[in-house]
Amino acid sequence: MKIIVTIKQVPETGNVKMDPVTGTMKRDGVESIVNPLDLYAVEEAIRLKNEFGGEIIAITMGPPKADRALREVISMGCDSGILLSNKSFAGADTWSTSYVLAQAIKKLGEYDLILCGERATDGDTGQVGPGIATWLDITFTTYVSGVKEVKENSLVIERMVETGYEILEIENPSLLTVIKEINYPRLPSLRGKQKARKLDIPVWGPEEIDVENKNLGLKGSPTRVVRISKPKVSRNGELFVCKNDQDIENAVGKMFEFLESKEII
Amino acid sequence: MSYKNVWTLSEQEQGKLKEVSFELLKRGRALADKRKVELVAIVLGHNLDKDDLQKLIYFGADKVLVVDAPELEYFLTDPYVNVVTKLIENHKPEILIASATTTGRTVAPAVAIKVNTGLTADCTGLDIDDEGHLIQTRPAIGGNILATIKTPIHRPQMASVRPHSNQPLDIDKSRTGEIVYEEIDKELLKSRIKRIEFHENEEETGNIQDAEVIIAGGKGCKTEEKFKMIKEIATLMHGAVGGSREAVDLGWISYPHQIGLSGQTVSPHFYLVAGVSGAVQHLAGIKTAENIVAINNDSEAQIFQVADFGIQGDLNDILPVIINKLKERKEGK
């Protein structure tokens, strides 16, 4: 099986700054990690490779230092990595990002499967995976919680939806976005780390892939961030402090009065 | 032909429309009124309930556009994406809103690429600006920021909104409108993906998306054993069980019960939450809950800022008192 895994380098959330002019994220000075949900896609690729053989290519679009994210997933077990990095890619929305990734994947020749995390923890859109599949005109599905069977020309998978689990058969090649129910990602191995350190990671820009310049970066993106604000959530309810059993008895009593007043009980 | 009208993408199961279809109409109605255009509800399915289609009009639609085919009986990526794309190409809506469900979040991003336009996921607010553009507001970066997004040139402007982030309009049986069935080329209904089986969730712990009462616990419960008190209260109050990301990561409750940005958004009538500090990610998932009671050890915990009623103390001491009181009431009645 030839598997392509898309990953994204994201900031550790909690300490994020925005550029007030472009409305995009400032990535300098913030610690970067591999999007935690992408690790499930990487792990599933490794499991499939271990069972059925083949190769895993990890691909990411980001700033030059995003090669660290690729090295991390290579140390887990991916065979190689490709970094899509160029000033002209910067500020891309999900439409433009999925376009560039799809054009790069086209250059990799035939493949059986593309695996993606369900969404990235920074953008939180979950749109790039479906976008890539659509640009490539391959079938796809989302919220995949298990790969049940690998057949000659298809996969049998389990998909989590609001009311239960679907069992689907999907033709190759396909793209799946996976959720964390699917597996437990492994830690990088020592041997993997050594390999990842030495491995050459090619950097591709618009010259290396067949892209139309008008589709790139902020200029090529249909959506525009026009304003950034801080969310406010505050209700100022009553707070009962409990230091002993009597306080608890009292607070719970008041709570039940509250529940009755709101017709909850 | 220029782009006109507001569309909502309805969802159905076994021919019956889901609640989200009606919720979307409230959002869509407000936008259509501001643009002074028609609100059209799109429905894909098979053997659709006629009374349900009429209800879309009672709940705000001016027109219902239906594609009925055996291949659309349940959601599958290929035919759904193809049909929605074709409808957009045929009728050119100015705005299309979908629900941010597993279906909406799958169809919409593929359709956006096919019709060459932008899409904003998980919007919490939608409005029309002075120039007539759709203003889309959504939380991003783990709920740390609210971003306001526009699609200045491309049409339709597409957005998804969180399910259950608003109630439907009140029913108005005096409303009139037309229900139109559209024929679709069979070629577009072909699928490279097929459904073999469907396993419905066990009802035991309840579906949190539709629950009126949710009892949730987090890391502060410390052990799986103590998390069971959460489950017990949920049973006693006929509610569903929810968990923070930590509770799910620790395996105390399964992922479908995770509340927050990376799990489900809920809007129950009553939300009781114990041992959850209230990270922005969690708070983003409960903003529309009507009544929130929080129990936490730390008086500085964020969760108290969004609670209508807070109890600061050890949940190991507090939860058993609540359980006893609920039992007493049950026996008393």
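Just so we're on the same page: letters track the sequence lines, and every chain starts at 1.
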Side-chain contact test, heavy atoms from C-beta onward, threshold under 4.5 Å: evaluate it for [X] versus [Y] and give yes or no.
X      : Y      : answer
A/M160 : B/P256 : yes
A/E249 : B/V321 : yes
B/V81  : A/T134 : no
B/F75  : A/V161 : no
A/I170 : B/R192 : no
B/M237 : A/L259 : yes
B/I193 : A/E169 : no
A/K180 : B/R245 : yes

Based on non-hydrogen pairs under 4.5 Å, which of [options] is most in contact with chain B?
options                        : result
A/V241, A/T141, A/L168, A/T94  : A/L168
A/G253, A/S221, A/C242         : A/C242
A/V128, A/I157, A/D245, A/D137 : A/D137
A/I132, A/L37, A/T142          : A/T142
A/G164, A/G237, A/G126, A/G129 : A/G164

Under a 4.5 Å heavy-atom cutoff, which of [options] has the most pairs with chain A?
options                        : answer
B/T137, B/V213, B/L119         : B/L119
B/Q302, B/H154, B/E13          : B/H154
B/D78, B/V107, B/T77           : B/T77
B/I292, B/I153, B/L272         : B/I292
B/G313, B/G118, B/G310         : B/G310
B/E212, B/K114, B/H269, B/Q157 : B/H269

Measure [X] against the heavy atoms of chain A and call it side chain, backbone, both or neither at under 4.5 Å.
X      : value
B/L76  : side chain
B/A147 : both
B/T124 : neither
B/Q258 : side chain
B/A110 : both
B/L134 : neither
B/D317 : both
B/T101 : both
B/D249 : side chain

What part of [X] is in contact with chain B, defined as an atom under 4.5 angstrom from a non-hydrogen atom: side chain, backbone, both or neither?
X      : value
A/E181 : side chain
A/I179 : side chain
A/Y143 : side chain
A/F256 : side chain
A/S174 : neither
A/V156 : side chain
A/L155 : neither
A/D247 : neither
A/K254 : both
A/Y165 : both

Hey, what do you get for [atom1] ([X]) to [atom2] ([Y]), rounding to the nearest 0.5 Å?
X      : Y      : atom1 : atom2 : result
B/N291 : A/S261 : CG    : OG    : 8.0 Å
B/F304 : A/E238 : CZ    : CD    : 12.5 Å
B/R105 : A/T177 : CZ    : OG1   : 9.5 Å
A/E158 : B/I196 : CD    : CD1   : 11.5 Å
B/I149 : A/D93  : CD1   : CG    : 9.0 Å
A/I167 : B/K194 : CD1   : NZ    : 14.0 Å

Does [atom1] belonging to [X] count more than 12 external heavy atoms closer than 6.0 Å?
X      : atom1 : result
A/E260 : CD    : yes
A/K262 : NZ    : no
A/N244 : CG    : yes
A/E149 : CD    : yes
A/R227 : CZ    : no
A/K106 : NZ    : yes

TODO: For A/R159 and B/T106, test the side chains for any donor-to-acceptor distance below 3.5 angstrom and give the result as yes or no.
DONE: yes

Task: B/T151 versus A/T223, side-chain donor and acceptor atoms under 3.5 Å - done: no

Task: B/E197/A/K148 ion pair, N-O < 4.0 Å - done: no

Open item on the list: Check this for me: does any side-chain nitrogen of one of B/D314 and A/K243 sit under 4.0 Å from a carboxylate oxygen of the other?
Closed with: no

Of all heavy-atom pairs between [X] and [Y], which one has the smallest distance, and what is that distance?
X      : Y      : value
B/I311 : A/M255 : CD1-SD, 4.1 Å
A/F258 : B/D308 : CZ-CB, 3.7 Å
A/G123 : B/R138 : O-NH1, 2.8 Å

Open item on the list: Is there a side-chain contact (heavy atoms from CB on, under 4.5 Å) between B/D122 and A/R119? Walk through the geometry before answering.
Closed with: CA-CA 12 Å; B/D122 274 348; A/R119 63 175 78 189; 3.7 Å; yes

Open item on the list: Looking at A/R224 and B/T148, would you say the former's side chain and the latter's main chain have a donor-acceptor pair under 3.5 Å?
Closed with: no

